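The next block holds one structure in the form of structure tokens; read it before the comments.
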2 protein chains.
Amino acid sequence: MLAEHFSTFASLSDAEVQLLRDLAGAAQYHPPYRDLHAAEALLSPPRMIVAGWAAQYCMLPDGQRQIISLRLPGDLVGPLGRVHLPASCAVAALTELETVDAKPLVEAADAADPVHPGLARAVQAMVQLNDAQLCSQIVRLGRQGTGGRFAHLMLELHGRLGRVGLARDNGFAMPLTQNVLADVLGFSVVHVNRTMQQLRRDGLLEVKDGRVHLLQLERLHALAGWVTRWA
Amino acid sequence: MLAEHFSTFASLSDAEVQLLRDLAGAAQYHPPYRDLHAAEALLSPPRMIVAGWAAQYCMLPDGQRQIISLRLPGDLVGPLGRVHLPASCAVAALTELETVDAKPLVEAADAADPVHPGLARAVQAMVQLNDAQLCSQIVRLGRQGTGGRFAHLMLELHGRLGRVGLARDNGFAMPLTQNVLADVLGFSVVHVNRTMQQLRRDGLLEVKDGRVHLLQLERLHALAGWVTRWA
DNA sequence: CGCGGTGTTGACAACAGTCAATTACTGTGG
DNA sequence: CCACAGTAATTGACTGTTGTCAACACCGCG
């Protein structure tokens with residue numbers, strides 16, 4: 001499971017596969033809406049999500065929330081570097097969450113003369129992918145119109161979930177409330193609602209019992225100004 | 001000069017100071033508005049800015065531009081990891097630019113058993129600082145109103161420039177056109193103009209011949225919902 | 001059955017982009 | 001020294017968008 005995911009970034013040795021298997025054996029579970037960072041004692045943050053969705057977010061003094069990045073299965077969460085500056089934002093579980101310790105992975109990536117070159121390459125690629133996704137988020141918030149912004153997010157989620165085998169026939173399970181979507185997209189809840197309806201009316205996508213279906217990929221790509229920014 | 005800047009992140013050995021001095025000796029210069037990444041041949045991208053401003057940006061298919069991050073003196077630009085995914089965005093010089101090769105720095109930071117522990121710590125801190133700044137940009141674009149967004153950017157610039165000694169008595173030189181500001185803030189040019197005037201009318205800040213003066217830090221902090229996200 | 005969270009809708013006001021015209025401000029060449 | 005062109009900044013009028021408020025429907029749950 002974990003090994004398959006890593007294999008999409010770099011080929012792994014048997015030892016590396018075994019290491020991942022060991023990690024998976026020691027998974028932890030977290031209830032939804034519990035802050036992962038707040039209780040540093042509960043878990044030491046470099047972790048990888050195995051199942052469920054989480055969000056990296058900032059709170060504003062006036063109580064508003066902005067979600068920086070949605071964290072999906074296969075994503076790393078928590079401070080990756082060795083130096084800890086004061087955390088700029090927190091991570092919260094949006095659904096029931098299953099995670100494994102990512103410290104061995106991060107250390108493998110940092111090693112100058114890697115014992116586990118495959119893991120190192122994979123983790124480094126993941127970090128870069130993550131940076132690219134942050135760029136996408138900035139572009140969405142800064143320059144995309146209503147429909148494009150929503151469509152772009154859906155396409156990104158579809159792509160990311162597809163990589164870990166969680167997207168089927170142009171659709172995927174989407175456990176987010178419109179409220180959370182609003183905090184990702186920088187919209188009001190009402191506006192999220194209307195935007196979704198517009199896209200549905202245009203026959204571009206469909207949302208049925210917690211599942212998104214992308215009905216016309218071509219037109220969605222066009223609307224979102226989609227460029228494949230990462231491989 | 002470079003050494004002083006690094007010292008604000010970690011204390012350096014004599015050898016490390018010397019290394020920085022050597023780097024500074026081999027500075028390169030770039031004319032404004034020339035794309036730093038386009039011509040990979042001209043310079044190999046992990047570089048550090050010594051003087052001048054640059055911008056990391058993305059182009060949208062429809063010709064719009066979104067600036068992801070302004071790069072100031074002391075900032076690293078270019079891919080930092082060892083794995084090169086297809087670049088998600090480019091970097092352009094906004095002014096006359098002076099840069100030095102940052103490869104030795106990045107390598108020092110990556111070393112598992114650092115020959116230059118001071119440099120390693122400093123570079124790692126810079127990378128984290130950079131991540132925090134990306135978060136700030138996302139929050140600005142997603143959740144801040146007109147005035148707050150502008151004020152927040154000015155406060156960030158003031159802080160970042162202050163760290164490298166380029167801010168004096170609550171003011172700093174600001175070589176950006178309103179057009180560029182618009183591409184940073186996700187505004188239209190006209191809206192940038194009006195926002196600046198509003199802030200000026202409110203006595204919060206002043207822009208005179210390429211120099212920004214923050215007149216009432218308290219009220220600016222309040223308006224921007226400022227929280228010190230990085231040390 | 002009532003309750004709280006979620007999704008949906010309409011009315012309305014404030015906001016922010018576009019267009020277009022005007023005014024600086026620059027460096028250039030005559 | 002002035003005329004000129006090109007860029008940047010500014011302004012007003014107008015329009016479309018987006019947030020806010022408030023009400024209502026729906027659903028799972030105690």
Side-chain angles (χ1 to χ4, degrees), chain A residues 31-34 53 55 60 62-66 92-96 140-151 153 173-202 205-212 223 225, chain B residues 31-33 53 55 60 62-67 92 94-96 140-153 173-202 205-212 223 225:
Chain A
Y33 294 104
R34 188 186 242 41
W53 291 33
L60 279 75
D62 63 2
Q64 287 189 99
R65 181 174 73 160
Q66 174 64 45
L94 297 175
T95 69
E96 193 73 30
R140 265 197 300 266
L141 294 175
R143 283 298 181 214
Q144 305 229 240
T146 305
R149 202 183 297 193
F150 193 94
L153 179 64
M174 221 274 303
L176 305 183
T177 66
Q178 295 184 354
N179 213 314
V180 172
L181 280 174
D183 286 336
V184 177
L185 294 166
F187 286 161
S188 66
V189 197
V190 176
H191 199 224
V192 167
N193 187 310
R194 289 201 236 270
T195 304
M196 280 180 56
Q197 288 180 60
Q198 184 61 49
L199 292 176
R200 199 179 315 160
R201 234 175 291 128
D202 293 346
L205 57 77
E206 195 182 35
V207 185
K208 209 159 35 175
D209 36 58
R211 207 167 169 70
V212 175
L223 176 61
Chain B
Y33 294 105
W53 292 34
L60 279 75
D62 62 3
Q64 287 189 99
R65 181 173 73 159
Q66 175 65 46
I67 290 179
L94 296 174
T95 70
E96 193 74 30
R140 264 196 300 267
L141 294 175
R143 284 295 180 219
Q144 305 231 237
T146 305
R149 204 184 296 192
F150 193 95
H152 195 278
L153 179 64
M174 222 274 302
L176 305 182
T177 66
Q178 295 184 355
N179 213 312
V180 173
L181 279 174
D183 287 337
V184 177
L185 294 166
F187 286 161
S188 66
V189 196
V190 175
H191 198 225
V192 167
N193 187 308
R194 289 201 235 268
T195 304
M196 278 180 56
Q197 289 180 58
Q198 184 60 50
L199 292 176
R200 198 179 318 160
R201 234 175 291 129
D202 293 346
L205 56 78
E206 195 182 33
V207 185
K208 210 160 29 176
D209 36 58
R211 203 152 202 357
V212 175
L223 176 60

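Protein chains get the first letters and strands the later ones, always in sequence-line order, with residue 1 at the start of each. Just so it is clear, the structure is predicted and the values come from calculations on it, not from any experiment.
Along DNA chain D, the nucleotide nearest to B:Val189 and the one nearest to A:Gly186 differ in position, and the one closer to the 5' end is contacted by B:Val189. Mapping A:Arg200 and A:Arg143 onto DNA chain C by nearest heavy atom places A:Arg200 closer to the 5' end of the strand.
Contact annotation: A:Gln178 side-chain N/O to C:dT8 OP1/OP2 distance is under 4.0 Å. For the OP1/OP2 pair of C:dG7 and a distance below 4.0 Å, the side-chain nitrogens and oxygens of A:Asn193 include no atom meeting the criterion. An OP1 or OP2 oxygen of D:dT17 is reached within less than 4.0 angstrom by no side-chain nitrogen or oxygen of A:Thr146. Residue A:Gln197 places no side-chain N or O under 4.0 Å from the OP1 or OP2 atom of C:dG7. Residue A:Thr177 places none of its side-chain N or O atoms closer than 4.0 Å to OP1 or OP2 of C:dG5.
Rounded to an integer number of Å, the gap from CG of B:Leu141 to C1' of C:dA16 is 15 Å. Taking atom CZ on A:Phe150 and atom C1' on D:dT17, their separation rounds to 18 Å, with Å as the unit. Atom pair A:Tyr33:OH and C:dG5:C1' shows a separation of 10 Å (rounding to whole Å applied). Counting to the nearest Å, the C1' atom of C:dC25 and the NZ atom of B:Lys208 are 17 Å from each other. The interatomic distance linking B:Leu185 (CG) with C:dG17 (P) rounds to 11 Å, in whole Å. Rounding to whole angstrom units, NE2 of residue B:His191 and P of D:dG12 are separated by 15 Å. The CZ-P distance, from A:Arg194 to D:dG16, rounds to 17 Å in whole Å. Atom CD in A:Gln144 sits about 16 Å away from atom C1' in C:dG17, given to the nearest Å.
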Margin query: Run B:Leu153 and B:Leu181 through side chain to side chain contact (heavy atoms under 4.5 Å, CB included) and show every step you take.
Written below: CA-CA 9 Å; B:Leu153 179 64; B:Leu181 279 174; 3.9 Å; yes

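Although no hydrogens or angles enter the test, the distance criterion places no donor-acceptor pair under 3.5 Å between the side chain of B:Arg200 and the main chain of B:Val207. With hydrogens and angles disregarded, no donor-acceptor distance shorter than 3.5 Å links the side chain of A:Glu96 to the backbone of A:Pro32. Side chain of A:Glu206 to main chain of A:Val212: no donor-acceptor pair is present (N/O by atom type, distance under 3.5 Å, no hydrogens or angles). Side-chain atoms of B:Arg140 do not come within 3.5 Å of backbone N or O of B:Gly145 as any donor-acceptor pair.
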